[in-house]
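This report refers to the structure that appears directly beneath it.
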There are 2 protein chains.
Amino acid sequence: MAHRSTIHETLTAVFQVRRFPETVRAGESARDREKSGTGAPISRSGRAIAARGRGNDPLPRCGPGERTELAVLLWERALDPAKGTWSLPGGRLRENEDLDTSAARQLAEKVDVRELTHLEQVWVFSDPDRVPGDRRIASAYLGLVPLTAEPELPPDTRWHPVSDLPDMSFDHGTVVRHARNRLAAKLSYTNIAFGLASDTFTMSTLREIYCAALGYDVDTTNLQRVLTRRKVITPTGETASPGRAGGRPAAVYRFTDSEIRVTDEFATFRPPA
Amino acid sequence: MAHRSTIHETLTAVFQVRRFPETVRAGESARDREKSGTGAPISRSGRAIAARGRGNDPLPRCGPGERTELAVLLWERALDPAKGTWSLPGGRLRENEDLDTSAARQLAEKVDVRELTHLEQVWVFSDPDRVPGDRRIASAYLGLVPLTAEPELPPDTRWHPVSDLPDMSFDHGTVVRHARNRLAAKLSYTNIAFGLASDTFTMSTLREIYCAALGYDVDTTNLQRVLTRRKVITPTGETASPGRAGGRPAAVYRFTDSEIRVTDEFATFRPPA
DNA sequence: CCAAAAGTGTTACGATTACACCCATGG
DNA sequence: CCATGGGTGTAATCGTAACACTTTTGG
């Protein structure tokens, strides 16, 4: 039997809340989605992009034909093994770094790590045959990038909505699901959303973030009250001017801490009835 | 620079609810711990052992001078490095096993693994210098042994109350705390207590288990209602005869499942006010 | 003024905690 | 018949969900 070396790698599911063109759910509940859906894949209005390019609070409202969704960063394999499938960023652990350091370093090849607001260990995948060739033990990580960041990406790399993952390499799909579940759970009892939000934001922006990350609808009012009571968010005192549609100007908030913290050990958001 | 090989090991915190002689809360926190802490865990009354030796529901009431507590299995190092400190069972990962398998195999040297009712991954410790010599990346596990089990132990191995750990090797103390926190958290929203309870049991026994594992007092009445509503426990229909002190015979229950399961995603036990 | 967006207040509900009271048994 | 657990029922509490109503702004 040939000698097989064992290497240790990290794999990071980097999440960001983004807008995607409405997906065409072919075959099934097709028509409704189609109408505004298919046509506009690339066309995120220049204005929107410009507005988000800046550092702060660009109220990303859902335009028609767009959905705000949790996205994960993937790159497409140009070579075998698993050519053409999509993979999580990551790579081999070096001799003198710990896993956290390694995950951050590997990510630097794909995104500007200065944009990375949070990184945490999620799970270890150790099936001896999880990938062909040498054995690779994978430590899975969860990473977060804020709403307003628009990092440059290498040509093989793209954001994909987690609700509609492409053909994934090896067990990378499982990794994404694990990480997403972890994120959703932690939204309830920690301030982890700081990693997905921009420096300052309005409550409706924050609501969109929570909706996207949790996968269900959240009430703005209650979100505000809960997060304020727990001192997770703090009003800056400023207000944001409304869009051209009018409306009352929104109060601007920021996260009290920029590091993860358990804010209420016994808290649980629940999906709507 | 000398070449340093990297190996992957597992470390398992095996927990069992056990009775210990009451710690003497003497003058300060220093002396008391030393006295009964290190020395005494052997002197459990013969009767208690006999009663618990059998397979089912021996209502372990706290006698005077005894406390029911969560215990962790440790062995004492006879050799350097860290001679005389206490370690978690574990060891090196083999080429053709995954981490779960490895953890179970390593444990077989310390306890009868047939007694092991649950085993799950908790964390990875990867600091390049966490132990002297070759680099060891440690995957930490949580293991459970039921109340009634009284496994044979090797001479260097002993149960220690988690509230009073001895001098621990390397980062093993941190591992124990991590695992214990994980256990406490999962008691709220999963049926993980099946791993700590015997096949069948009365509510007051189960209460003791929850108290020991959570570290705070739990109301028997409410525990029964909550676990019944969630269908975590099922009445067997039998009753246990009361002790010589008299009292109404207790209903006997069993856990509905003998595998971990999320029973109520949004549940949280809270400590008493 | 009217529509749109944001914020306030109130109620409803679900789950858990706390506790008083009734039941069954041994001595 | 009484002390000792065990079990049942009910009230109190806490947090979040739901929603109607008021405020502020643009057209």
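The sequence lines fix the lettering, A, B, ..., with proteins before strands; numbering per chain opens at 1.
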> Please give, in whole Å, the distance from C:dT16 C1' to B:Tyr189 OH?
Replying inline: 19 Å
> Do B:Glu150 and B:Arg18 have side chains that get closer than 4.5 Å, going by heavy atoms?
Replying inline: yes
>> Need one value for A:Arg207: base, sugar-phosphate or nothing, where a base atom within 4.0 Å counts as base even if backbone is also close, heavy atoms only.
In response: nothing
>> What's B:Phe269 touching, base or sugar-phosphate or nothing? Going by heavy atoms closer than 4.0 Å.
In response: sugar-phosphate
> Atom OH of A:Tyr216 and atom C1' of D:dA17: how far apart are they, to the nearest Å?
Replying inline: 11 Å
>> For a quick check under 3.5 Å, do A:Ser188 and A:Thr268 share a side-chain donor-acceptor pair by atom type?
In response: no
> Given D:dT8, is OP1 or OP2 found less than 4.0 Å from the side-chain N or O atoms of B:Gln224?
Replying inline: yes
>> I need the CG-C1' distance between B:Leu206 and D:dG7, as an integer number of Å.
In response: 15 Å
> Does a nitrogen or oxygen in the side chain of B:Arg230 sit under 4.0 Å from OP1 or OP2 of C:dT16?
Replying inline: yes
> Considering only heavy atoms from C-beta outward, does the side chain of A:Tyr210 approach that of A:Leu196 to under 4.5 Å?
Replying inline: no
>> For nucleotides 19-27 of chain C, give me one character per nucleotide, 5' to 3': B if any protein heavy atom sits under 4.0 Å from the base, S if the only such contacts are to the sugar-phosphate, - if neither.
In response: B---BBBSS
> Of all residues at least two apart in sequence or in a different chain, which pass the ring-ring contact (aromatic ring centres under 6.0 Å, His included) check with A:Tyr189?
Replying inline: none
>> Check this for me: does any side-chain nitrogen of one of B:Arg207 and B:Asp219 sit under 4.0 Å from a carboxylate oxygen of the other?
In response: no
> Of all the choices, C:dT16, C:dA6, D:dG7, which nucleotide is nearest to the side chain of A:Ala250 once you look at every atom?
Replying inline: C:dA6
> Could you state the CG-P distance from B:Leu223 to D:dG7, rounded to the nearest angstrom?
Replying inline: 12 Å
>> Rounded to whole Å, please give me the gap between CG in A:Asp217 and C1' in D:dA18.
In response: 12 Å
> Does the pair A:Val145 and A:Thr117 meet the rule for a side chain to side chain contact (heavy atoms under 4.5 Å, CB included), with working shown?
Replying inline: CA-CA 6 Å; A:Val145 167; A:Thr117 40; 5.6 Å; no
> B:Met203 or A:Ala267: which one's nearest nucleotide on DNA chain D is closer to the 5' end?
Replying inline: B:Met203
>> Can you measure B:Arg270 atom CZ to D:dC14 atom P for me and round it to whole angstrom units?
In response: 10 Å
> Looking just at side-chain N and O atoms, do B:Thr220 and B:Ser204 make a donor-acceptor pair shorter than 3.5 Å?
Replying inline: no
>> Rounded to whole Å, how long is the line connecting atom CZ of A:Phe266 with atom P of C:dT16?
In response: 13 Å
> B:Leu214 CG to C:dT16 P: how many Å, rounded?
Replying inline: 14 Å
